[in-house]
Novice: 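Okay, handing you the structure first.
What you see is a predicted model; the values in this text were computed from it and never measured.
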Amino acid sequence: SLATLPPFFMRGSIIQLADGELKRVEDLKTEDFIQSAEISSELKIDSSTVERIDTGQTPNVVVIQFGVGELKAQVSVEVLMEYPFFVFGQGWSSCCPDRTTRLFELSCAKLCVGDVCVSLTLRSLG
Amino acid sequence: VPVFPWHSLVPFLAPTQSD
């Protein structure tokens, strides 16, 4: 459902890294994703650059176009404007950080065109 | 207390592969 964000973006949610370590969602660092992907047999990290942000057809929804991976494959996702993405070297960022902070108490930066987000893909696709 | 896996938090953006 588009009505709400998944519960794990709520401040204080406990996240398990690939090595078993537990961290709160607000304490995650870029290295946590990179290191978890390194020991994953199936998943690898891609760099996905925000290329466009458009308002969606539904209130509070945005369409974000990413250039994914080295080939900058074009992928669009439709998400709530408060949906947080993890930007390399910066942390949680959303199109409406005020809403993200108000609804989930998760501190966010503003997601902008040019930001490079952490995304996942399958190792076998490489 | 629920524990969520790290890979739930970042999007899976698989580029479309040519068949």
Novice: Can you see which heavy atom on P11(B) is nearest to which on V118(A), and at what distance?
Specialist: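 Smallest heavy-atom distance, with atoms named: CD-O, 3.6 Å.
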Novice: Measure the shortest side-chain to side-chain distance between F9(A) and T100(A) over non-hydrogen atoms and say whether it is less than 4.5 angstrom.
Specialist: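 Not touching, per the 4.5 Å side-chain cut-off.
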Novice: Who among C117(A), A37(A), G69(A) has the most heavy-atom pairs with chain B under 4.5 Å?
Specialist: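 Top option by heavy-atom pairs under 4.5 Å: A37(A).
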Novice: Which atom pair, heavy atoms only, marks the closest approach of I34(A) to I45(A)?
Specialist: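 Looking at all heavy atoms of both residues, the shortest contact is CA-CG1, 4.3 Å.
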Novice: With only heavy atoms counted, which part of L43(A) is less than 4.5 Å from chain B, the side chain, the backbone, both or neither?
Specialist: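 When you check distances to chain B, only side chain atoms of L43(A) fall under 4.5 Å.
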Novice: So what's closer than 4.5 Å to chain B heavy atoms on S36(A): side chain, backbone, both or neither?
Specialist: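 Interface part for S36(A): both.
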Novice: Sort V1(B) into side chain, backbone, both or neither according to what part of it lies under 4.5 angstrom from a heavy atom of chain A.
Specialist: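 The side chain, not the backbone.
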Novice: Heavy-atom distances under 4.5 Å only: say whether F8(A) touches chain B with side chain, backbone, both or neither.
Specialist: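 Contact with chain B involves both backbone and side-chain atoms of F8(A).
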Novice: Under a 4.5 Å heavy-atom cut-off, does chain B meet the side chain of L71(A), its backbone, both or neither?
Specialist: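 Nothing of L71(A), per the 4.5 Å heavy-atom cut-off to chain B.
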Novice: I need the minimum non-hydrogen distance between S93(A) and C108(A), along with the two atoms involved.
Specialist: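 Taking every non-hydrogen atom into account, N-SG, 4.0 Å.
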Novice: May I ask you to check whether E21(A) and Q16(A) show a side-chain donor-acceptor distance below 3.5 Å?
Specialist: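 No donor-acceptor contact under 3.5 Å links the two side chains.
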